[in-house]
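Indexing begins at 1, ligand by ligand and atom by atom, following the structure's order.
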Amino acid sequence: MAGADRMSESAAVLRGAGLRATGPRVGVLGALGELHHATADEIAAYVAPDGVAQSTVYRALEHLERAGLVEQVTLTPDRRTYHRTSSAAHLHLRCTRCGDLQQADVGVLRRLAQTLDDTAGFRLDTEHPVLTGVCAACRSVSEAE
Ligand SMILES: [Zn+2]
Ligand SMILES: [Zn+2]
């Protein structure tokens, strides 16, 4: 996708949320559209070539979070990452060997959530759950050994 398309899409999202489409906000939203999950520092590194300072990125993230366009997700205890709230509810699959993060359809969890509700009265968080395991690449390495 051309960079210009992405910029106008981000600008439209910002205006829809009642925010002014400033350059840094457009840049941060665009960065998250590409990176999907990223820390503030990773976003800052991504938009740095466009001349956006780190402190500006942090401020833009605050505004976007308050407007409900991005939210923080704790994928690992030591990494505070952000993702766009417009990306549909998804399951995070984190590899415990290489740290790789994938997204999967949250539908596979719905039956489990229903069962837990029925049997234990427990309401599972199915918005942004993180499941840990071993990814396909790491598995193929260990199986080849
Ligand atoms: Zn996510
Ligand atoms: Zn892995």
Problem - Lys/Arg-Asp/Glu bridge criterion (N-O < 4.0 Å) met for Glu9, Arg84 - result: yes
Handout entry: Test item: Arg94 side-chain N/O and Val130 main-chain N/O as donor-acceptor pair under 3.5 Å
Key = no
Practice task
Could you grab the angle centred on the Zn ion (ligand 2), going from SG in Cys138 to SG in Cys98, to 10°?
Solution key: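 With the Zn ion (ligand 2) as the vertex, SG (Cys138) and SG (Cys98) sit 110° apart.
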Handout entry: SG (Cys135) to the Zn ion (ligand 2) to SG (Cys95) angle, given to the nearest 10 degrees
Key =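 With the Zn ion (ligand 2) as the vertex, SG (Cys135) and SG (Cys95) sit 110° apart.
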Practice task
Give the cluster check for Leu19 versus Val13: same hydrophobic cluster or not, with ILVMFWY residues linked at side-chain heavy-atom distances below 4.5 Å.
Solution key: yes
Exercise for the section: Return the name of the atom in His37, of element N, O or S, nearest to the Zn ion (ligand 1). Expected result: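 Nearest N/O/S atom: NE2.
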Exercise for the section: Examine His92 together with His83 and report whether their ring centres are nearer than 6.0 Å. Expected result: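 Yes; His83 has its ring centre under 6.0 Å from that of His92.
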Exercise for the section: Could you tell me whether the Zn ion (ligand 1) has an N, O or S atom of His83 under 2.8 Å away? Expected result: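 So His83 does bind the Zn ion (ligand 1) by this criterion.
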